[in-house]
Amino acid sequence: MSSDEKPDGRPTAPRSLAEALRARDDASLAALLRARPDLVTPVPTDLTQLATRAGTRASVVRALERLDRFALQTAEALAVAGDPASYDELLGLMAGDDGDAAVAAALPHAVGTLREQALVWGGDDRLRLVRTARELLSPSPQHPSPTGLGPTVQEATAGMSPGRIQELVAAAGLPSTHDAVSAAAALTALFTDRERMAKLLGQAPAEAREVLSRLVWGPPYGQVTADPAAHLRWLLDRGLLLPTAPGTVVLPREVALHLRGGRAHRGTEPVPPPVEPAGPAGTRQGSPQVVDATAAGQAYTALATVEELLKDWDEGGPAVLRAGGLSVRDLKRTAVALDVSEPVAAFWVELAYAAGLLASDGEADERYAATPAHDEWRERPAADRWAELAGAWLAATRTAGLVGGRDAKDRTLAALGPGLDRSVAPEVRRRVLALLAALPAGTSPDPDSVLARLRWERPLRGPQQEDDLRSRLARWTLQEAELLGITGRGALSSHGRALLGAPEPRATGGTPGIPDTPGDKLPVHHRAAPAGAPAAGPVPPGPADPQATAAARAAAARLLAPLLPEPLDHVLLQADLTAVAPGPLQRPLADVLDVLADVESKGGATVYRFTPASVRRALDAGRSASDLHAFLAAHSRTPVPQPLAYLIDDVARRHGHLRVGAASAYVRCDDDAVLNEILADKRSATLRLRRLAPTVLAAQADPAALLEGLRALGYAPAAESAEGDVVITRADARRTPPRTPPEPVPEGPPVPDTTLLTAAVRAIRAGDLASTAPRKTPGTPPAPGELPRTSPAETLATVQAAVLTGEALWIGYVNADGAASQRVIAPVRVEGGFVTAYDHTADEVRTYPLHRITGVAELADD
């Protein structure tokens with residue numbers, strides 16, 4: 001018979017969490033480490049250390065915060081139950097005396113979730129909540145229980161005098177006892193007996209029952225005067241209210257449970273609230289094709305907006321604040337340039353930053369500008385560019401919705417500034433989109449039902465707040481997904497579904513938003529499990545593998561590409577000096593047209609206007625008049641209007657006639673009549689010009705100011721270099737040095753991948769074998785945790801014998817850094833002062849210097 005079995009052959013109940021973990025299989029241990037990744041950093045040496053770490057306050061708090069509402073209610077009920085509690089006792093606290101079929105069906109899975117996450121251990125007859133969780137969830141005057149229950153009779157009477165306790169027993173109609181402990185037990189037995197309690201409360205005055213009804217659901221504490229009223233005295237005399245401090249009384253837990261019908265909570269929520277479709281019945285589900293088309297149109301608008309933002313900052317964007325970020329004035333200017341509101345402008349700026357398309361240049365006069373990655377991004381197909389933007393948004397922890405708010409030090413949070421990272425943002429975004437993916441295709445959700453579902457999955461501990469961070473993130477997610485074109489008309493598009501990595505929706509004949517089969521649409525931690533079976537833990541939302549992320553982006557781009565309009569290679573020139581682009585333009589055409597003309601209006605078609613200033617801008621960029629005529633003729637579906645041809649020729653004829661260089665600055669021209677005209681113009685007085693020669697004027701302004709001043713007078717001067725050559729200026733010359741996108745700030749340790757989990761479980765098992773294996777030790781065995789001690793001769797003899805017999809040994813080993821460890825090895829050979837052995841702890845063959853082995857012991861036969 002094994003020491004782990006009872007005389008009848010049944011396994012013994014675990015005596016600690018470590019023993020309960022030791023009884024698990026590798027898959028269950030891996031599920032624990034996946035659900036609570038903080039336990040694997042660093043990898044525990046054995047299962048005892050794993051159990052100790054799982055019971056620390058920080059780890060337990062993190063685990064409790066990631067429970068859904070019903071699992072948390074189950075843990076709260078266990079905290080007010082006996083220790084240990086049976087499954088039937090727990091079911092009674094959750095379902096009440098009258099029972100609840102939904103609670104009874106969902107409770108096995110909730111218990112399985114708590115077991116898997118090492119918050120509960122033991123069999124169904126002895127369920128134990130880990131001590132730290134019990135301390136966090138148990139009722140106390142300083143930290144009331146979420147159940148609203150107070151202390152037990154035993155706890156409330158702990159400091160009461162024996163005589164007073166006997167008076168309570170007598171007033172309740174019970175025989176006197178010999179000591180205070182038995183008296184408290186007698187009162188407890190009375191209060192937990194439904195029939196006797198009903199009879200006792202039937203004798204209570206109506207006012208006394210009213211007092212109990214006010215305390216029954218919590219808080220259980222009340223105030224009384226030194227001379228309480230008769231109905232209060234009746235309750236105090238029978239122990240139905242017990243004093244806890246002068247002037248303060250409490251309703252004992254047993255009394256409250258009787259009045260509640262055995263329920264620990266006023267309302268249990270075993271089933272997550274469904275995500276309801278938006279709109280009245282009959283209009284809830286739209287056409288998936290319309291949703292995709294709407295989302296694709298918005299995706300194109302998103303690309304155009306980001307390109308316009310970066311083009312606006314091409315020559316150097318706004319200055320960086322000393323504390324980091326964008327000033328309020330610059331954000332307003334950007335909003336005006338993009339024709340959007342300031343919060344939306346902050347979203348686009350943050351999105352471009354998260355995608356690595358803009359950054360600060362790092363110069364002394366630090367400014368924001370486009371990055372070299374922006375040029376590469378512009379050359380990619382439109383669908384790929386959108387997938388990169390949407391993927392960056394999905395993974396970013398920077399939260400644009402916080403811009404304009406206040407931080408903990410009451411400082412304004414600026415766009416692109418510090419303090420905008422919220423680690424939970426990617427999880428909330430993915431979860432909101434996953435809820436949309438569970439609806440039938442083309443169906444938009446009711447936002448309030450989405451928020452209710454999120455609150456069920458991650459309930460707030462303490463008083464509920466309508467404006468909590470997760471709710472705000474969910475609202476921003478719905479708005480930002482629409483701006484990006486992930487959703488259309490509020491419904492998830494097909495390319496948005498692919499970006500999320502979600503499967504295509506099945507045809508359903510049931511209620512929209514509620515899956516036909518309970519386990520098909522709900523996440524793993526909502527599925528039912530048989531009683532006592534370990535349940536799978538919460539699955540981290542979204543693909544964590546970079547390859548899976550790249551595949552999802554590629555799939556989204558493939559679905560979006562046919563929905564985007566094809567870039568055009570032509571425009572329609574009109575006689576009023578405008579050009580109409582009936583759709584998106586090909587990159588070379590768009591780049592030249594942006595320099596040659598000014599955008600007058602946007603929409604389904606973009607209208608460009610040609611002006612003398614815009615034509616001069618093209619000439620400054622190195623184009624000649626013949627180049628511009630040929631370009632327009634090649635890319636216009638209509639003949640080039642005569643006014644436009646005259647405009648180009650007129651500006652080109654005067655362009656470069658004047659030359660401006662650095663003296664401080666000078667103007668030279670072969671036609672001295674033009675210089676006479678400039679000198680005679682009163683508007684040129686601010687330039688302080690004087691004639692140096694018939695064809696040269698000197699100015700007391702710098703060349704740039706002189707250029708702008710002459711252009712304001714209606715001339716078309718050209719800048720020249722020190723060698724006399726015309727300086728060609730380009731609008732897209734400013735770029736930052738190579739920059740990497742901002743790294744998301746993770747929420748706690750990352751979820752380990754399968755390879756790490758496998759290695760961690762193997763190392764923990766091997767370490768546990770080394771620390772718990774029975775040993776044969778000569779003389780006095782070492783204390784637990786100490787290394788074995790043997791002389792060098794004994795060590796060598798034992799190892800050589802193990803090589804011959806093939807037996808495993810337990811050794812103490814100190815490495816070159818002085819770190820001591822225990823290992824279980826199977827020696828293979830001994831030579832040259834080294835032992836080569838298969839190390840069960842590391843699961844590999846290793847070589848150890850004999851002089852670093854502190855001692856050796858044989859493992860016991862069993």
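Residue numbers count from 1 along this sequence. Predicted model, so just to flag it, every value in this text is computed and none were measured.
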Side-chain ion pair, E388 and R380, N-O less than 4.0 Å: yes

Full working for side-chain contact (heavy atoms from CB on, under 4.5 Å) between D576 and R609: CA-CA 8 Å; D576 60 350; R609 177 163 295 279; 4.2 Å; yes

Pairing residues for R322 by the side chain to side chain contact (heavy atoms under 4.5 Å, CB included) criterion, not counting sequence neighbours: none

Side chain to side chain, T371 and Y353, heavy atoms closer than 4.5 Å: no

Test item: V403 and L331 side chains (from C-beta on) under 4.5 Å apart, heavy atoms: yes

Could you list the donor-acceptor pairs under 3.5 angstrom formed by side chains in residues 632-639, with sequence neighbours left out?
unit_1: H635; atom_1: ND1; unit_2: F631; atom_2: O; d: 3.0
unit_1: S636; atom_1: OG; unit_2: T638; atom_2: N; d: 3.1
unit_1: S636; atom_1: OG; unit_2: T638; atom_2: O; d: 2.5
unit_1: S636; atom_1: OG; unit_2: T638; atom_2: OG1; d: 3.2
unit_1: R637; atom_1: NH2; unit_2: H570; atom_2: ND1; d: 3.4
unit_1: T638; atom_1: OG1; unit_2: L573; atom_2: N; d: 3.0
unit_1: T638; atom_1: OG1; unit_2: L573; atom_2: O; d: 2.8

side-chain contact (heavy atoms from CB on, under 4.5 Å) between R654 and R616, intermediate numbers included: CA-CA 10 Å; R654 294 184 294 119; R616 190 199 68 243; over 6 Å; no

Residue that, paired with Y608, satisfies side chain to side chain contact (heavy atoms under 4.5 Å, CB included) out of T578, L585, V580: L585

Any T305 side-chain heavy atom under 4.5 Å of E308 side chain: no

Side chain E350, main chain A400, donor-acceptor under 3.5 Å: no

Rounded distance [0.5 Å steps], CG in L394 versus CG in L389: 12.5 Å

S614 side chain to L596 backbone, donor-acceptor under 3.5 Å: yes

Close side-chain approach of W393 to E480, heavy-atom, < 4.5 Å: yes

Minimum side-chain heavy-atom gap L402-R472 below 4.5 Å: yes

Euclidean distance, Q642 CD relative to L647 CG, rounded to 0.5 Å: 12.5 Å

Point-to-point distance, once rounded to the nearest 0.5 Å, from OG of S493 to CD of Q289: 12.5 Å

Close side-chain approach of P445 to L439, heavy-atom, < 4.5 Å: yes

Donor-acceptor side-chain pairing of D292 and S494 below 3.5 angstrom: yes

D672 side chain to T695 side chain, donor-acceptor N/O pair below 3.5 angstrom: no

Under-4.0 Å salt bridge between D620 and R617: no

Derivation of the side chain to side chain donor-acceptor pair (under 3.5 Å) call for R367 and S360: CA-CA 5 Å; R367 290 184 171 275; S360 61; over 6 Å; no

Heavy-atom side-chain proximity of T487 to L478 below 4.5 angstrom: no

Set of side chain to side chain contact (heavy atoms under 4.5 Å, CB included) partners for V336, sequence neighbours left out: none

Set of side chain to side chain contact (heavy atoms under 4.5 Å, CB included) partners for D649, sequence neighbours left out: A625, H629

NZ/NE/NH1/NH2 to OD/OE distance under 4.0 Å, D407 and R411: yes

With H495 via ring pair (Phe, Tyr, Trp, His ring centres under 6.0 Å) - residues at least two apart: W386

Under the side chain to side chain contact (heavy atoms under 4.5 Å, CB included) test, residues paired with A304 that sit two or more places apart: none

Closest non-hydrogen atom pair, A352 against V306: CB-CG1, 4.4 Å

Heavy-atom check, side chain of T397 versus side chain of D421, under 4.5 Å: yes

Pair S684, D681: side-chain N/O donor-acceptor within cut-off below 3.5 Å: no

The single option from H374, R385, R378 passing side-chain hydrogen bond (donor to acceptor under 3.5 Å, both in side chains) against E307: R385

